[in-house]
> 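This is the structure I have questions about; it appears just below.
The first residue in the sequence is number 1, and the count goes up from there. Both counts, for ligands and for their atoms, begin at 1 and track the order of listing.
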Amino acid sequence: MFVLVNLKAYPCDPVEVATAAADVSDDSGVRVAVAPQAAQISAVAETGVETWAQHVSAVEHGSHTGSTLAEAAADAGAVGTLLNHSENRLKLADIDGALDAADRADLETIVCANNPAQIGAAAALDPDGVAVEPPELIGTGTPVSKADPDIVTGAVDAAARVNGDVDVLCGAGISTGEDLVSASDLGASGVLLASGVAKADDPRAALEDLVEPLL
Ligand SMILES: O=C[C@H](O)COP(=O)(O)O
């Protein structure tokens, strides 16, 4: 299972979370990555944790003020990027362009989507992975794997019909090892989560709890 922790714009210490994630990944053998704010990619990558961008723009080098250049994210230490997160939705053409930008910079890609139909569309663009997240469950602590398991199995089926090479993650409300096991049982190959770690009093303990059933 792949555990991707999105720090969003939460007021956590990204280096503290990243250091804990690197340690938990090393100790458990579970792949754990952290996606901080763009300006914090370098500091997070220096901890040794697998580091992802939260977004890259569909642009090349040039006059694009305010953009997040894929090459700059990679130079700072990112090895992958989320795209089209529910909190940063993109037009179809911009998802496609951002995937091209990520490919140019050798970044792994996960395209987020709300439901199985959108997952099928996202998979058709040939990212490395897709992540299904019902927006209404994001940040609630109610795991998608329990509240809406059909959306996870539906996403797995939709992706497989379109593109057998794409990994399928699920997210929204995931915070415990039990949630991780449920996601795996439903066919997901990873989880995308945020508040369960970024807003935890003890992010290290939250990460340890997440991977515990996989040990
Ligand atoms: O990127 C992460 C997702 O939006 C899930 O957020 P959450 O774990 O706080 O529900």
> What is the distance from atom CG of Leu137 to atom CD1 of Ile174, rounded to the nearest 0.5 Å?
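Rounded to the nearest 0.5 Å, the CG-CD1 separation comes out at 9.5 Å.
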> What atoms in ligand 1 come closer than 4.0 Å to a heavy atom of Leu192?
1 (O), 2 (C)
> Is there at least one pair of N or O atoms, one from Ser195 and one from ligand 1, spaced under 3.5 Å apart?
yes
> Could you tell me, atom by atom, which parts of ligand 1 come under 4.0 Å of a heavy atom of Glu133?
1 (O), 2 (C), 3 (C), 4 (O), 5 (C)
> Please evaluate residues Arg204 and Glu16 with respect to the criterion salt bridge (charged side-chain N to carboxylate O under 4.0 Å, His left out), reporting the C-alpha separation (whole Å), side-chain torsions for both, the decisive distance (0.1 Å), and the verdict.
CA-CA 9 Å; Arg204 181 178 292 266; Glu16 180 195 350; over 6 Å; no
> If you measure every N/O of Tyr10 against every N/O of ligand 1, is any gap under 3.5 Å?
no
> Does an N or O from Ile174, backbone or side chain, lie closer than 3.5 Å to an N or O of ligand 1?
no
> Quick one: does Gly196 get a heavy atom under 4.0 Å from ligand 1?
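The answer is no, since Gly196 has no heavy atom less than 4.0 Å from ligand 1.
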> Is it true that Lys8 lies under 4.0 Å from ligand 1, counting heavy atoms only?
yes
> Below 3.5 Å, N or O to N or O, backbone or side chain included: is there any such pair between Gly139 and ligand 1?
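Between Gly139 and ligand 1 (N or O atoms, distance only) the closest approach is under 3.5 Å.
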> With a heavy-atom distance limit of 4.0 Å, tell me whether Ile138 approaches ligand 1 through its side chain, its backbone, both, or neither.
both
> Students should be able to answer this: which protein heavy-atom is nearest to atom 8 (O) of ligand 1, and at what distance?
Ala194 N, 2.8 Å
> Can you name the atoms of ligand 1, numbered from 1 with element, that are less than 4.0 Å from a heavy atom of Asn6?
1 (O), 2 (C)
> Report yes or no: do Leu92 and Val59 belong to one cluster of Ile/Leu/Val/Met/Phe/Trp/Tyr joined by side chain heavy-atom distances under 4.5 Å?
no
> Report yes or no: does Thr51 contribute a side-chain atom to a donor-acceptor pair with the main-chain N or O of Val49 at less than 3.5 Å?
yes
> Can you list the steps and then say if Gln54 with Trp52 is a side-chain hydrogen bond (donor to acceptor under 3.5 Å, both in side chains)?
CA-CA 6 Å; Gln54 296 180 7; Trp52 280 53; over 6 Å; no
> Side chains of Asp128 and Thr109: do they bring a donor and an acceptor to under 3.5 Å?
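Short answer, yes.
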> May I ask whether Gly171 places a heavy atom under 4.0 Å from ligand 1?
no
> Heavy-atom distance under 4.5 Å between the side chains of Asn6 and Leu193, does that happen here?
no
> Side chain to side chain contact (heavy atoms under 4.5 Å, CB included), that's the test. Do Asp179 and Val191 meet it? Break it down for me.
CA-CA 9 Å; Asp179 301 340; Val191 292; over 6 Å; no
